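First up is the structure itself, then whatever we jot down about it.
Computed from a predicted model, the values in this text were never measured in an experiment. Residue numbering restarts at 1 for every chain, and letters A, B, ... go by the order of the sequence lines.
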Protein chains: 4
Amino acid sequence: MEKKEKITNKRSALLNATLTLVNNHGFHNAPMSKIANLAGVAPATIYLYFENKQDLVNKLYLEVKEDFSTAAFEGYSENLSVKDGFEIIWFNIANYKLNQIKESNFLAQCDNSPMIEEAIRIEGLKHLQPLLDLWSRGKKEGVIKPLSDYVLYAFTVYPLSFLQGMQERGIYTLDEAGKVESFTATWNAIKTEK
Amino acid sequence: MEKKEKITNKRSALLNATLTLVNNHGFHNAPMSKIANLAGVAPATIYLYFENKQDLVNKLYLEVKEDFSTAAFEGYSENLSVKDGFEIIWFNIANYKLNQIKESNFLAQCDNSPMIEEAIRIEGLKHLQPLLDLWSRGKKEGVIKPLSDYVLYAFTVYPLSFLQGMQERGIYTLDEAGKVESFTATWNAIKTEK
Amino acid sequence: MEKKEKITNKRSALLNATLTLVNNHGFHNAPMSKIANLAGVAPATIYLYFENKQDLVNKLYLEVKEDFSTAAFEGYSENLSVKDGFEIIWFNIANYKLNQIKESNFLAQCDNSPMIEEAIRIEGLKHLQPLLDLWSRGKKEGVIKPLSDYVLYAFTVYPLSFLQGMQERGIYTLDEAGKVESFTATWNAIKTEK
Amino acid sequence: MEKKEKITNKRSALLNATLTLVNNHGFHNAPMSKIANLAGVAPATIYLYFENKQDLVNKLYLEVKEDFSTAAFEGYSENLSVKDGFEIIWFNIANYKLNQIKESNFLAQCDNSPMIEEAIRIEGLKHLQPLLDLWSRGKKEGVIKPLSDYVLYAFTVYPLSFLQGMQERGIYTLDEAGKVESFTATWNAIKTEK
DNA sequence: GATGAATGAGACTTCATTCAT
DNA sequence: GATGAATGAAGTCTCATTCAT
């Protein structure tokens, strides 16, 4: 057990080091040697846990994406009303983006560059089902506009991505009041107009 | 004049080649040799027009950003009502993002990676002033919510960025009706509620 | 121990190869690839032992300079008379210059070109102290003229540098008798006249 | 005539630029483009006056060497006594080395590196004949020791080379008194002992 | 004669990956 | 399992030289 834990330790130390370095310098300025160094292992050791650099980044992407999804649905239940459920999920996402800075940044970088293979990207979406289900219910109930899920996702998540980027660069800070305003804006964008 | 034109040709051939390769493979998988090759010149020739690789990408970023801004304000006039003016700008942006695919993609990649220096990024924003002025007027007139310009920008432009990405990957297509729906969503997000 | 030895082997093979190539073709016609080749390693291996080319040459300079200094004071003791001590040192230097041809040549080239950084050059002088001490004593005893150490050094070492250069080019050979004559000339130059 | 002068102007501007750049950065850090730039001409123009870079440096070496020789024998006449004649020549050399800093530096760098071809180096010696003649006379008259001309040259010129190097680096300055002392040392080294 | 854009060759250096230990 | 020395391949950039104008 101790051994297994040690293995896990090195693996996650490597994932962590990769996260940090890719964020700070980009995929191709995060050499394996530095990753190993930051993780406190020898370069060759990386290849005991990952096939190659691409595999390392793919695995990291999937883990972070899963982490994000888990956070997104914390406290959410299908029994809630559409608006209440959506509100919980939205604030979860907002808080994740604004607090888990390294992770959010990494995802943003991955999502806009050819650094992650398409297949992996698609795999990373599988945890989002409950949100899609919620929207489906919302549309049926006439609470949410009959828009494509892609459009709904665009208005739900992407404005936050921009604000997170600004916050990370120290240009703008989204406080609690700002979050509430942003939620209202999001809700107004997708809710059915009376 | 013929000479001048030739110079311009090589320079813009290089910018074009860079745009293509960075889009397809990312900054660090777009080697100078391939850029030169695609542009039909020798690698050393690049250094007659640009200081180094970073400079080449910076210049490309600024030119594309300017191109984007120009397109954004085509047909716009300060004499228009806030909503009409905003509508023109929004559709301009939408059309640019959906049609100038290479350019939009490149900007998205730049904006989410450490590949462009902060100073250059800031320089790239200078053409957006008319939009900020419009929002300022909209807030005064009580038509637009008194939100930070960053929040307004987030809801105006970023959902489109996501949809463009989806379209580029062949996952979703935003047709004319979709554009109108998205505009409505955007407007509902930022307009004052009655 | 075997491992340590191997490391030393590669490192010194590289230093040796550098010495040879810089002598024969000059700093900038001694490419890293040829140095590696002559040392029997891959180019990238150089960077395991040295930071870069300049560092490699700096380290070589310091090692050769130390080697030279060590040779210069072999058999010398502070208990000897000024003249006897000086004679020993002078002949040591002469023999080094005439026998350790590659090393001497290299030092001469370094000392007259901008190829070594000033700071390194100064560090290379630190082993010469015993000679300065001897001159100090000689001046106090009235045996050596009260000249600046720089002038004394100029007459002690530099004529030999020229003769070594000539010998290396096969133009002139300094035999034992010639060495004795040269020593006499040196001593006459710096000793107090009666 | 004006045309011819202009040609000469460009040629000597190029030689001058080369002198400066080689001194400051060494042969191989003095690129043709910078030489052209400093001389105020286009790179291709160099090849109208010189065959290639090596030829340019060779020609510069010969011109500087000739300049040096001319200076060395200024005011000298074969009618002077051996000592008086030698004194004149020695001070001429000393003054040249200490005042014509760029030229002296360049010669020192050339004489200790493989940057000048041997044939050119030998050609550069041809102007020294009057000094050799003087030594020949001195030996016949019993005023100068029957040493090889190479040894005599070593003691006459090389100590000055070292002192010039020190002066150029700002480490030591040879004032008038120092020059006189150095001449005395030189003379003591080569004159016949009574 | 003069130019300067253009380039082939080659320089230094980095890095993902392997392999003997 | 873990290492770190080693390297082949490739990257960015420089430079002496040429050639059409």
Side-chain angles (χ1 to χ4, degrees), chain A residues 3-4 6-7 10-11 27-37 40-57, chain B residues 2-4 6-7 9-11 27-36 40-56, chain C residues 2-4 6-7 9-11 27-36 40-56, chain D residues 3-4 6-7 9-11 27-37 40-56:
Chain A
K3 221 176 183 178
K4 176 63 188 290
K6 214 178 174 185
I7 287 176
K10 278 192 183 166
R11 209 188 99 101
F27 179 68
H28 278 275
N29 278 103
M32 296 297 256
S33 56
K34 272 191 199 161
I35 291 173
N37 201 58
V41 302
T45 304
I46 299 180
Y47 295 85
L48 297 176
Y49 297 96
F50 304 96
E51 275 175 50
N52 50 39
K53 193 177 179 183
Q54 186 64 59
D55 181 48
L56 166 59
V57 173
Chain B
E2 207 184 36
K3 216 176 184 177
K4 177 62 189 293
K6 214 176 174 184
I7 287 178
N9 277 351
K10 267 181 195 172
R11 208 188 101 103
F27 180 71
H28 281 278
N29 277 105
M32 296 299 255
S33 56
K34 276 189 195 160
I35 291 173
V41 302
T45 304
I46 300 179
Y47 297 88
L48 294 178
Y49 297 94
F50 305 95
E51 276 176 48
N52 50 40
K53 193 176 179 182
Q54 186 66 59
D55 181 47
L56 167 58
Chain C
E2 209 184 33
K3 216 175 185 178
K4 177 62 187 291
K6 214 176 175 184
I7 287 177
N9 278 351
K10 268 182 195 172
R11 208 188 102 101
F27 179 70
H28 280 277
N29 276 104
M32 295 301 254
S33 56
K34 276 190 195 159
I35 291 173
V41 301
T45 304
I46 299 179
Y47 296 87
L48 294 178
Y49 297 96
F50 304 96
E51 276 176 49
N52 50 38
K53 192 176 178 182
Q54 185 66 59
D55 181 47
L56 167 58
Chain D
K3 219 174 183 179
K4 177 62 190 291
K6 213 178 174 187
I7 287 176
N9 277 350
K10 279 192 184 166
R11 209 188 99 101
F27 179 67
H28 278 275
N29 277 102
M32 296 297 256
S33 56
K34 273 191 198 161
I35 290 173
N37 202 59
V41 302
T45 304
I46 300 179
Y47 295 86
L48 297 174
Y49 297 96
F50 304 96
E51 276 177 48
N52 51 37
K53 193 176 179 184
Q54 186 65 59
D55 180 48
L56 166 59

side-chain hydrogen bond (donor to acceptor under 3.5 Å, both in side chains) with [X]: which residues, sequence neighbours excluded?
| X | value |
| --- | --- |
| B:E51 | none |
| B:N29 | A:H28 |
| A:N37 | none |
| A:N52 | none |

**OP:** Could you pull out the closest heavy-atom pair between B:F27 and B:Q54, with the gap in Å?
**Re:** CZ-OE1, 4.2 Å

Subject >> Closest non-hydrogen atom pair, C:M32 against C:Y47 >> reply: CE-OH, 3.4 Å

**OP:** Examine F:dA5: is either OP1 or OP2 under 4.0 Å from a nitrogen or oxygen in the side chain of C:Y49? Give yes or no.
**Re:** no

**OP:** For E:dA6, take OP1 and OP2 only and decide whether either is under 4.0 Å from a side-chain N or O of B:K10.
**Re:** yes

What is the distance, rounded to the nearest whole Å, between atom [atom1] of [X] and atom [atom2] of [N]?
| X | N | atom1 | atom2 | answer |
| --- | --- | --- | --- | --- |
| D:L48 | E:dG1 | CG | P | 6 Å |
| C:I46 | E:dT13 | CD1 | P | 9 Å |
| A:N37 | F:dT3 | CG | P | 12 Å |
| D:D55 | F:dA16 | CG | P | 14 Å |
| A:F50 | E:dA16 | CZ | C1' | 15 Å |
| D:N9 | E:dA2 | CG | C1' | 15 Å |

Original post:
Could you write nucleotides 8-15 of chain F as a row of B, S and -, 5' to 3', where a protein heavy atom under 4.0 Å of any base atom gives B, of only sugar-phosphate atoms gives S, and otherwise -?
Top reply: B--SSBBB

Original post:
For the atom pair CG (A:L48) and CZ (A:R11), what is the distance rounded to the nearest 0.5 Å?
Top reply: 12.5 Å

Original post:
Between A:L56 and A:I35, is a side chain to side chain contact (heavy atoms under 4.5 Å, CB included) present by the stated rule, with each step listed?
Top reply: CA-CA 11 Å; A:L56 166 59; A:I35 291 173; 4.1 Å; yes

Original post:
Where each pair must be Watson-Crick or G-U wobble with both distances under 3.5 Å, what dot-bracket representation of DNA chain F is obtained, with crossing pairs in [ ] and other-strand partners as |?
Top reply: .||||||||||||||||||||

